[in-house]
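All chains are named by letter (A, B, ...) in the order of the sequence lines, taking the proteins before the strands, and each is independently numbered beginning at 1. Values in this document were obtained by computation on a predicted structure and should not be read as measured data. Basis for what follows: all heavy atoms, side chains included, without hydrogens, waters or symmetry-related copies.
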There are 4 protein chains.
Amino acid sequence: MSDVKKVVLAYSGGLDTSVIVKWLQETYNCEVVTFTADIGQGEEVEPARAKAEALGVKEIYIEDLREEFVRDFVYPMFRANTIYEGEYLLGTSIARPLIAKRLIDIANETGADAISHGATGKGNDQVRFELGGYALKPGVKVIAPWREWDLTSREKLMAYCEEHNIPVDFSSKKKKSPYSMDANLLHISYEGGILEDPWAEAEEDMWRWSVSPEAAPDKPTYVELTFEKGDIVAIDGEALKPHEVLEKLNKLGGDNGIGRLDIVENRYVGMKSRGCYETPGGSIMLRAHRAIESLTLDREEAHLKDQLMPKYAEVIYNGYWWSPERRMLQAAIDETQHNVSGVVRMKLYKGNAIVVGRQSEQSLFDESIATFEDDAGAYDQKDAEGFIKLNALRLRIAAGKGRQQS
Amino acid sequence: MSDVKKVVLAYSGGLDTSVIVKWLQETYNCEVVTFTADIGQGEEVEPARAKAEALGVKEIYIEDLREEFVRDFVYPMFRANTIYEGEYLLGTSIARPLIAKRLIDIANETGADAISHGATGKGNDQVRFELGGYALKPGVKVIAPWREWDLTSREKLMAYCEEHNIPVDFSSKKKKSPYSMDANLLHISYEGGILEDPWAEAEEDMWRWSVSPEAAPDKPTYVELTFEKGDIVAIDGEALKPHEVLEKLNKLGGDNGIGRLDIVENRYVGMKSRGCYETPGGSIMLRAHRAIESLTLDREEAHLKDQLMPKYAEVIYNGYWWSPERRMLQAAIDETQHNVSGVVRMKLYKGNAIVVGRQSEQSLFDESIATFEDDAGAYDQKDAEGFIKLNALRLRIAAGKGRQQS
Amino acid sequence: MSDVKKVVLAYSGGLDTSVIVKWLQETYNCEVVTFTADIGQGEEVEPARAKAEALGVKEIYIEDLREEFVRDFVYPMFRANTIYEGEYLLGTSIARPLIAKRLIDIANETGADAISHGATGKGNDQVRFELGGYALKPGVKVIAPWREWDLTSREKLMAYCEEHNIPVDFSSKKKKSPYSMDANLLHISYEGGILEDPWAEAEEDMWRWSVSPEAAPDKPTYVELTFEKGDIVAIDGEALKPHEVLEKLNKLGGDNGIGRLDIVENRYVGMKSRGCYETPGGSIMLRAHRAIESLTLDREEAHLKDQLMPKYAEVIYNGYWWSPERRMLQAAIDETQHNVSGVVRMKLYKGNAIVVGRQSEQSLFDESIATFEDDAGAYDQKDAEGFIKLNALRLRIAAGKGRQQS
Amino acid sequence: MSDVKKVVLAYSGGLDTSVIVKWLQETYNCEVVTFTADIGQGEEVEPARAKAEALGVKEIYIEDLREEFVRDFVYPMFRANTIYEGEYLLGTSIARPLIAKRLIDIANETGADAISHGATGKGNDQVRFELGGYALKPGVKVIAPWREWDLTSREKLMAYCEEHNIPVDFSSKKKKSPYSMDANLLHISYEGGILEDPWAEAEEDMWRWSVSPEAAPDKPTYVELTFEKGDIVAIDGEALKPHEVLEKLNKLGGDNGIGRLDIVENRYVGMKSRGCYETPGGSIMLRAHRAIESLTLDREEAHLKDQLMPKYAEVIYNGYWWSPERRMLQAAIDETQHNVSGVVRMKLYKGNAIVVGRQSEQSLFDESIATFEDDAGAYDQKDAEGFIKLNALRLRIAAGKGRQQS
């Protein structure tokens, strides 16, 4: 274990990763570099500096990655209308590749030969961090303390802290949230506690980002979202950066009780787990993106996108953002977005994000053809007969030869 | 045109298809058999008898197909979590193959050589009726009056009625709904009128089956749905037939403002059209089915289902229910449903159909493995290292050979 | 029919299209522009000029499109290892979009409002020409004489010629090939005649481009093909342009009895047809391309390509080259070819195109890891245990819960 | 390591697995049950009995599984026209699930708590054996000696034999084949040795089952294969059991130089490897099956099969035969084979397996429609215009709105 000289740790400043700093220093007798990022989790990151210093860390990276996160990860993913297993908007999954990338960047800058993270051995996040790390720096050493150490209970962790003089928040000693949570600009997630029983309804006071539909305002909020090439660039006419868009939509969605989700999902490591998620802004974005695509995408490219999406979602969920297959799928998806521009009007009301209008200069909706009124010859109804006849030909031949049809 | 001897017409009893009866008799000098079915459209079908008789029809078929419709068409489709273009639950599409089948059955029973319908030449329904007809009786003659005649305006239709003594409802003379509508147990649809402008919000008084979320009760309704092999067999413990399930869920959903949809979709005939739909029961069923699958399906079969679904939806939307590719997909889907049994608990509230609990004797959720607490060795976290290492191997080799990873 | 002023005709100089020139002039009372292209069909195109002039054509286009054909159509298609229905290399399909494009270009240059072609109403080519035409010039008028006129037999055509003084080759009068043929640099095809019986073996003297395997040399020919980014750029070290590559491989393949194919295929218009094809160079290219990809592509992108290929082949076969879905798929395919460079060594012998070696500076084959000998720690066999254990987890859980596994 | 009481070993009777018997007895202090199967590898299995007895084994299973192997594994796989990575016929992959199943059956019969095999930690076979084992008996213990022991060189193995009095064949001492080989009724494979250089051509004397194309007879052999529901049931009119079919086709193919393959493939464990294969009978079966399908399958089910095939191949290659996703895919595939019956005539000549005729009572080939001659109205060419017009509609609308088409 002595061959590691310097390790970059994804450091939250919280108890667990603070223990990891000390444990890495002790176990590997190596230098620890901490990396703390603001990706919109809603907590100050600057306090992590003093905590790291107190643990003897000399190289401390604290960064605001919110814009990069939304621009280079969330937005590309939403271009595909990505949903995992029909429900999950991949809020945790999409943040991991950025963290992995920065861990490796910093390892390269500081001459570190290893990276480390605080994810457990049962979850998807270890996979996502490590696949990213290996893909970007193939010779990197990965240290996953939760798979190695014996600090497997809260009590042992506390004992370790006292033994090593790691300051423990009085508050965190007393009332630990019963849930394992993860947050970033796209979502906050909850696992564990009573959620481990899939029949148990989540408690109202678990949710942090949104009011309940019941508690949301009795009057709807209308909002207009402007898209350019598949991405939202303005809200109600005001131009915004990607992360500002998501921040604003999170506020609007949360206020209106939008984006709560309670599912059982299949982890890449082979087990089912139950999770609850709040994705207020993402839930609005998804419907709005589909709406602008409904006007501006060709039918066949839209259908092909829908057929590729589950694979794309799986690739991201499983941690393969930094892979050739993700780039290949992204190339296909991005190719379709050149004309996905226009405005979607939405009504937000007590949990509902309802599309009520959409318009685009790139619209392929042709009122003169679609109309129930006289179309002045734009469409010749007689063409339909030949269309149907030839499409039916293979079925007619088969039936004519006695093939059973039921 | 004189080679048609007898034609079976899908007859609603309304003005348009009454005109068609007369027009067929005149134009083709042939006998007309009428077929009117109750598929849950919410209107009495028996009155069609007198109207047909008045038009001189001798063979009149009036049938209650509600059970068959839900059992053999809606339920199989929902096993696939079928959604067209990310939004549409295929309420119209799924009713057409049953109508086509009965038209052909009746043609065979009555010795008719042709079938006819009242669908226009711009829509999907003509395709669905006719593909079904040809697939089930390859030599059948299809007559689509809207593609043939010159009664292309309301005025001409009325004139035709007067000329031929076809009684026109006073009410239908006065206030014709501005929308083209279609209804069955699964949904009611609206097209035309102001909806032809995709930016225009649908008017509140257009919707017929559901109250608005705003007008729905302020207190949620909880409901428990029991699944057996992928189909709902009981509500709140009460065993129900398929169509009774859907009727009850339509009531529950409609009362709680659930199932409204406003989209632009791509028709098979090549144009985009804007439609509004109310699918109260179906919207609940879809989420509930996903929830029971989330407990009982293996991950890989679930993902494969998700990858096949868009194709399956397209097949149904385009009118190929009676096709080998639909049967092939259905075989794959049905193979997965043997263990999709259990109970889903849902909360219905002002437009929201929220899953709050699910349980199953066939559950693959293993609390002892998934737990954040001590799992007593059920899962060895050290296995994850090898899992990740080998999954990363191809990425590491590529990166080691200098492949760019961004 | 008088609203057409000028029509661009895909003109081969042969009897059928000569008749079409006259028929268009007569029937539509319009000017005809002829377009004749060398796409490697193996016949002189220049003689078409005199024939067109004799028919009174004033604007005559004769072009050598061989390089563009291979570079912009054949090569991109081969990057996907494209095969239709497991066998057919799409030799006819891939030439049509180029012809369609030039017809439209010339229509735009000459101010023509219509295009015309000599394809029949039963085949795929009419679809390919016309879809291309409509996609590139949406208001174009298409005239397909074979669907319109009554010259439905050889005799009527001949009578038309005599009546209109169209000179008929003495040879073509006497011995007409019993087959319908089409040729370009990628292949030559045969349909009709005795081939209409799928049980009948093709006659040896039908084949024109290749010797039979029996008649091929008794000694193998070895050849080395150099790829750059998925395309062959040199043969045996000699740099060649795309069409020169294909010409040379056709010669090599044809001499060695390579590339004959005899299949029953499914046409887009709904019927099955039997066709024989010679694709000597293409058959070599396909195997060679797979071989260089086997070294240089990542596994997952290779598998994804294989999953997308049948759709891509269908898109091209059906005539949708000029479509958003083709561009979308092409974007995905091209994204994978950046590193598909290297050399493949092949042995050609009596119908066999055998890969015997492949090398690449971008190779992902890692001898130090794959070796059966001591790998000096490059691969830790113990990693396999965790890999298998976690991949088995979902299966073990299911079996543990009594799921049947057979 | 003492918790294993009895282990069932896949025992070939060769040196390696004989060492494993002793090593298991020593290391785990447990009883060893040997299982030796004839799956057509071409070696006597009965001699394994004496060898096992000499090693002190008391429960010895020796079985002829050839019929079950072809009937229940090879045939179902060929219904899908299964090819891995465009080339490989999965000869090794498809034998593993049967071995895994019998290992578990025998473990259940003998009360064993573990299974063991002689596959290395770098290959796919360990995965296939173990996934099968876990899927069929979730609590089974798997012992993979090659991942555990330190007998990592030939010398150490020999030393172990001498030390433990394991008799070593004089012949195997002297001349060990330079290749790692695996054989069963479907194929024989070669890896290692000079093949580890992908540029090196395989030596002629490596191949064991087939003559070279050069050495094959100068006269072709014709053969007629009769299919019933997708499976070959007779050769030249003689009814045969599945394994008899494959034995006969192996002879015919091998004699005519058919079925050699030389590829670089992607292993599931993450590396590329180079392998050579002889699959004489399988290569004939594959083409013949495609040929009978070309007559009897509907176009859309054929295309859907082609789209699913790569996934199905991957599932089998990776070892997931005993999985829900394989059963799901199999259900879809088998659904298509009800009418895949008829006769295919093939010409075998110097490496070529050429389809020259096919016929079927279930044929969907309709000569009266496909003909170039007068079709007496079976097909109305005018239908094509409407077919093309509506298929072009979306493209025309897009082009009309200025969308770029190149």
- request: Using a strict 4.0 Å threshold on nitrogen-to-oxygen distance, state whether C/R260 and C/E204 make a salt bridge.
  value: yes
- request: Can you tell which part of C/D262 gets under 4.5 Å to a heavy atom of chain D, answering side chain, backbone, both or neither?
  value: both
field: Separation of C/R274 CZ from C/E265 CD (nearest 0.5 Å)
entry: 11.5 Å
- prompt: Highest number of heavy-atom pairs under 4.5 Å with chain D: which of C/L308, C/D197, C/L297?
  reply: C/L297
Region of C/I397 in contact with chain D, defined by heavy-atom distances below 4.5 Å: neither
- request: Could you tell me whether C/R128 sits above the aromatic face of C/Y317, with NZ or CZ closer than 6.0 angstrom to the six-membered ring centre and within 45 degrees of the axis?
  value: yes
query: For C/Y222, is it the side chain, the backbone, both, or neither that has a heavy atom closer than 4.5 Å to a heavy atom of chain D?
result: side chain
Short side-chain donor-acceptor distance under 3.5 Å, D/Y312 and D/Q330: yes
field: C/T371 portion near chain D, given a 4.5 angstrom heavy-atom threshold
entry: both
message: With a sphere of 6.0 Å drawn around CZ of D/R267, does it hold more than 12 non-hydrogen atoms of other residues, nucleotides or ligands?
response: yes
- prompt: Non-hydrogen atoms of chain D under 4.5 Å away: do they reach the side chain of C/E87, the backbone, both or neither?
  reply: side chain
Under 4.5 Å from a heavy atom of chain D, the part of C/R290 involved: side chain
